[in-house]
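Sequence positions, counted from 1, serve as the residue numbers for this chain. Bear in mind that the values here come from a model prediction, so they are computed numbers and not experimental data.
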Amino acid sequence: MVKYASPPAMRMLRKNKQVLLFNDKEMEVVSRFFKKYKIQSKSRFFRETIIAAILRKMEEDHPTLF
């Protein structure tokens, strides 16, 4: 029996949900930012920004030998 690799879209299926709440002033700033920089995909922006911040922090905190 031959096993076929699943397409990348299937392996990276997003099925976990998080909810993010902003107060009125924060939402105003976020909305202005999206409008100014013509960001159409808010979820993509938040996802990429959060993951980039996490990876950067993990890189800074990696253990060193000396």
Side-chain angles (χ1 to χ4, degrees):
M1 175 189 262
V2 176
K3 271 191 133 176
Y4 296 100
S6 59
M10 294 292 287
R11 290 185 298 228
M12 298 300 291
L13 181 63
R14 292 184 184 96
K15 57 186 175 185
N16 300 294
K17 182 178 180 177
Q18 288 292 310
V19 176
L20 183 63
L21 299 174
F22 294 106
N23 64 33
D24 292 338
K25 293 219 180 254
E26 292 168 335
M27 194 63 223
E28 185 181 326
V29 170
V30 169
S31 295
R32 228 181 306 148
F33 181 86
F34 287 154
K35 186 175 182 180
K36 179 178 181 177
Y37 294 102
K38 297 180 175 95
I39 296 171
Q40 294 180 358
S41 177
K42 293 177 184 177
S43 62
R44 178 180 177 186
F45 173 81
F46 286 124
R47 191 171 48 251
E48 290 176 355
T49 303
I50 291 167
I51 295 299
I54 290 170
L55 293 174
R56 188 171 37 253
K57 184 65 174 168
M58 289 176 72
E59 181 68 26
E60 291 171 3
D61 294 344
H62 74 281
T64 57
L65 294 175
F66 302 102

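- Screening residues 20-33 for salt bridge (Lys or Arg N to Asp or Glu O under 4.0 Å), with sequence neighbours left out, gives E28-R32.
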Could you pull out every donor-acceptor pair under 3.5 Å between side chains of residues 36-48 and any protein atom, sequence neighbours left out?
| unit_1 | atom_1 | unit_2 | atom_2 | d |
| --- | --- | --- | --- | --- |
| S41 | OG | R44 | N | 3.3 |
| R44 | NE | E48 | OE2 | 2.8 |

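- There is a path of hydrophobic side-chain contacts, each under 4.5 Å, that joins F33 to F22.
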Taking only distance into account, with no hydrogens and no angle test, what donor-acceptor pairs under 3.5 Å do side-chain atoms of residues 51-60 form with protein atoms, sequence neighbours excluded?
none

